[in-house]
Amino acid sequence: MNAHLQTSRMSAVLERTGAWLLAFLWILPLAYALWAAIHPSAYSAHFTLNAPLTLENFVKAWNAAPFSRYFLNTFMLVTMILAAQLVLCTFAAYAFARFKFYGRELAFVLVLLQLMIMPDVLIVENYRTMTAAGIVDTIPAIGLPYMASAFGIFLLRQTFKTVPSELDEAARVEGASPLQVLLKVYVPLAKPIYVAYGLVSISYHWNNFLWPLIITNSVSTRPLTVGLQIFASSDQGIDWSLIAAATLMTSAPLLTAFLLFQRQFVQSFMRAGIR
Amino acid sequence: MSIEDDLLREPSGGHAVAVAFRRSNVVMGARWATHVNGWLLLLPAAVLLVTFTHYPAVATFIGSFFSTPKGARPAVFVGLDNYQAMIEDPIFWQALHNNIIYAVSTIPLTIMLALFMAVAVNAKLVGRSFMRLAFFTPTVLPMIAVANIWLFFYSPGYGLVDQVFNLFGVPAHNWLGDEHTALACLIVVAVWKDAGFFMIFYLAALQQISPNLSEAAALEGTSRWYFFRRVTFPLLMPTTLFVLINAIINSFRLVDHIVVMTRGGPNNTTALLLYYIYEVGFKFWDTAFAATLTVVLLVLLAAMALGQFIFLDRRIHYQ
């Protein structure tokens, strides 16, 4: 009994130490980026307590590349995608949840296909389509493949299905059109799901890289991720302090939002994942 | 469920026939409206989905049987030539091999760590809110940004990894420049990025497990490890399957860190399938060959989709 208690206590200590060690390792890259960004370059790989503090790296990085334009591009991109997704996915989800139209099951399977075969892997053909449409190197071209999101349709359909049909019928008896029912009954009830989906979508497209890299080639369209990569890989010589400062800058809006609304974020990702 | 169900419920009584006749017209109208409204609502999303998912998937397949158009020369039908070239292309095999190694090592590591994190955060440990923060933060950071930080960690001599190893007398090493360590370095980054994301699904599942179970087990004197193995882990099985599918997709979908850290090198040891497609399609501009490679990726993903349908069936039994 005593030995048993001892081993279980030991495993508890082991678990706690392991968890702490892991948490330390996981925060280390961010902690390092912060260190390098707020100290002069000479200290970027040299860790002492008396290193002087500076904000100069941020200023230098900001001036070394058109980051303000990149911020604007990312902001427009993310807003455009989210707005389109909300409208398109709401309509489609409503159709799947409450209309028994011809071919509904087949259409739904075809929609779900996008969960596996994502635009991320269809880069070659989508680039050809954008060329044919003459919209290569525009912000809409970055967003278009993502606007009809199978994930959003699926998530909202599941939510709409849980709305009691009595509410729906009551509204219709009072003479509301299908569209009014959607806006007055379904959308308000799905508000937490909209928040969850919105947060997931914003973080996904704020961070998206490969497709924007391919489809853009000028300052006026490049999002932050592509701009950061061009900045970090340019021939100016590797200055880790500058790169760290630029890295923090580009992640700052999402990171701050996350730190402020941590619970909301975690719950949103959870809601969006559990279907 | 909707109006039509309501209308279909026939009243029983003397006028049933007359009423039924009158209603059938209404029903026809309502049905017709249902079909039209349903399709109208779906239409905008359907157009975009077909244009950017279904059409390109089919076009990729067709394109793999044609040559790459060059200058004034249009694409011509070449049958299986591209596939022949692919089978003879050692880099394709290497990329596939790399991707399998990458997936097979990233996925179990990520899942185990995610599970451990969830258990730790769920227990009443000191500093659990800090832990949750630390574990989840990589999820919201752009891969492209953090890959730059990791690039510094791995830099030979003064990078953090070498500085730490130096304390133990291990000589400096070019981690990303060495064919034997480069892929492992990328695997570490991928695990670091995803484990916290998957943690939250386990966390959600853990919170649904009744505390009565662990209390009962504690009364019986069951060890925590035994309880985890025989009770918690089986109960988490649906979550594990969900996480597994997503982890597999991620291992074929995300190559941002490769662009930043190794560009597929050294000697193609870190070229994953999608990265190779990107290189062939947008650096060598051999679009037909890139399409052929994409077909392989699509077949892999389709196989996974099939797996998920089976898995979705299974999940229903758990709930």
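Sequence lines set the chain letters: A, B, ... in the order given, protein chains first and strands last, and positions in each chain run from 1.
For chain B, no part of A:L224 is nearby; none of its heavy atoms comes within less than 4.5 Å. With a 4.5 angstrom heavy-atom cutoff, A:M130 touches chain B only via side-chain atoms. For B:V255, the part lying near chain A is the side chain, with the backbone staying farther off; criterion is any non-hydrogen pair under 4.5 Å. Proximity to chain A involves both the backbone and the side chain of B:T137, based on heavy atoms less than 4.5 angstrom apart. For B:L297, the part lying under 4.5 angstrom from a heavy atom of chain A is the side chain only. If you measure heavy-atom distances from B:Y275 to chain A, you find no contacts under 4.5 Å at all. Proximity to chain B is absent for every atom of A:L248, based on heavy atoms less than 4.5 angstrom apart. At a 4.5 Å heavy-atom cutoff, the contact between A:T225 and chain B is made by backbone and side-chain atoms alike. Of the atoms belonging to B:L160, it is side-chain heavy atoms, and not backbone ones, that fall under 4.5 Å from chain A. For a residue to count as touching a neighbouring chain, one of its non-hydrogen atoms must lie under 4.5 Å from one of that chain's; by this rule A:F258 touches chain B with the side chain only. Heavy-atom distances place the side chain of A:L179, and not its backbone, under 4.5 Å from chain B. With a 4.5 Å cut-off on non-hydrogen atoms, B:M199 does not touch chain A at all. Contacts of A:V111 with chain B are made by both backbone and side-chain atoms, with heavy-atom separations under 4.5 Å. Both the backbone and the side chain of A:L22 come within contact range of chain B, judged by heavy atoms closer than 4.5 Å. For a residue to count as touching a neighbouring chain, one of its non-hydrogen atoms must lie under 4.5 Å from one of that chain's; by this rule A:A107 touches chain B with the side chain only. Heavy atoms of B:S129 lying under 4.5 Å from chain A belong exclusively to its backbone. Proximity to chain B (any heavy atom under 4.5 Å) is shown, for A:L199, by neither the backbone nor the side chain. Heavy atoms closer than 4.5 Å to chain B are found in the side chain of A:I214, but not in its backbone. Both the backbone and the side chain of B:F152 come within contact range of chain A, each with at least one heavy atom under 4.5 Å from a heavy atom of that chain. Looking at B:W225, there are no atoms closer than 4.5 Å to chain A (heavy atoms on both sides), in backbone or side chain. Heavy-atom distances place both the backbone and the side chain of B:P44 under 4.5 Å from chain A. Contact annotation for A:Y102: both backbone and side-chain heavy atoms come within less than 4.5 Å of a heavy atom of chain B. Contact annotation for B:F135: both backbone and side-chain heavy atoms come within less than 4.5 Å of a heavy atom of chain A. With a 4.5 Å cut-off on non-hydrogen atoms, A:P178 touches chain B through its side chain but not through its backbone.
Chain B forms the most heavy-atom pairs under 4.5 Å with one residue out of A:T129, A:V124, A:T90, A:I27, and that residue is A:V124. Counting heavy-atom pairs closer than 4.5 Å to chain A, the top residue among B:L40, B:D256, B:V47, B:V243 is B:D256. Contacts with chain A were tallied for B:A45, B:P138, B:P142; B:P142 has the most, counting heavy-atom pairs under 4.5 Å. Ranked by non-hydrogen atom pairs under 4.5 Å with chain B, the options A:L255, A:L228, A:I123 are led by A:I123. When each of B:T287, B:N37, B:L274, B:L133 is checked for heavy-atom pairs under 4.5 Å with chain A, B:L133 comes out on top. Most heavy-atom pairs under 4.5 Å with chain B: of the set A:M118, A:Q229, A:Q85, this distinction falls to A:Q229. Ranked by heavy-atom pairs under 4.5 Å with chain B, the first of A:Y204, A:W206, A:F24 is A:Y204. Each of A:A92, A:A19, A:G103 has some count of heavy-atom pairs under 4.5 Å with chain B, and the biggest count is that of A:A19. Interface check for chain B: of the options A:V226, A:L110, A:L30, A:V87, the most heavy-atom pairs under 4.5 Å are formed by A:L110.
The two residues A:A150 and A:Q114 come nearest to each other via the heavy atoms N-OE1, 2.7 Å. The nearest pair of heavy atoms linking A:I142 to A:P223 is CD1-CD, 4.1 Å. Heavy-atom minimum distance, A:L122 versus B:F52: CD1-O, 3.8 Å. When all heavy atoms of B:A145 and A:S251 are compared, the pair lying nearest together is CB-OG, 3.9 Å.
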Before giving the answer on salt bridge (Lys or Arg N to Asp or Glu O under 4.0 Å), spell out for A:E125 and A:R128 the whole-Å C-alpha distance, their side-chain angles and the decisive distance to 0.1 Å.
CA-CA 5 Å; A:E125 269 311 317; A:R128 205 200 295 261; 3.2 Å; yes
B:F282/A:Y127 under ring pair (Phe, Tyr, Trp, His ring centres under 6.0 Å): CA gap, chis, key distance, verdict:
CA-CA 10 Å; B:F282 298 98; A:Y127 186 84; 5.2 Å; yes
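A:Y146 and A:N208 form a side-chain donor-acceptor contact under 3.5 Å, judged by distance and modelled atom types alone.
The closest side-chain heavy-atom distance from B:V188 to B:F153 is not below 4.5 Å. At least one side-chain heavy atom of A:W211 sits less than 4.5 Å from a side-chain heavy atom of A:N126. B:N122 has its side chain within reach of B:Q207: a pair of non-hydrogen atoms, C-beta onward, lies under 4.5 Å apart. You'll find the side chain of B:W150 reaches within 4.5 Å of the side chain of B:M261, heavy atoms only. At least one side-chain heavy atom of B:F289 sits less than 4.5 Å from a side-chain heavy atom of B:Y276. A 4.5 Å side-chain heavy-atom check between A:F99 and B:L42 finds every atom pair outside the cut-off. Looking only at side-chain heavy atoms (C-beta outward), B:I144 and A:L213 stay at 4.5 Å or farther from each other.
Counting heavy atoms of neighbouring residues, nucleotides and ligands inside a 6.0 Å radius, atom CZ of A:F108 exceeds 12 of them.
At least one test fails for A:R98 against the ring of A:Y186: distance under 6.0 Å to the centre or angle within 45° of the axis.
The aromatic rings of B:W192 and A:W26 are tilted relative to each other, their planes meeting at an angle between 30° and 60°. Between B:F201 and B:F198, the angle of the ring planes lies from 30° to 60°, which puts this pair in the tilted group.
Proximity of the aromatic rings of A:F96 and A:F154 is defined here by a centroid distance below 6.0 angstrom, and this criterion is not met.
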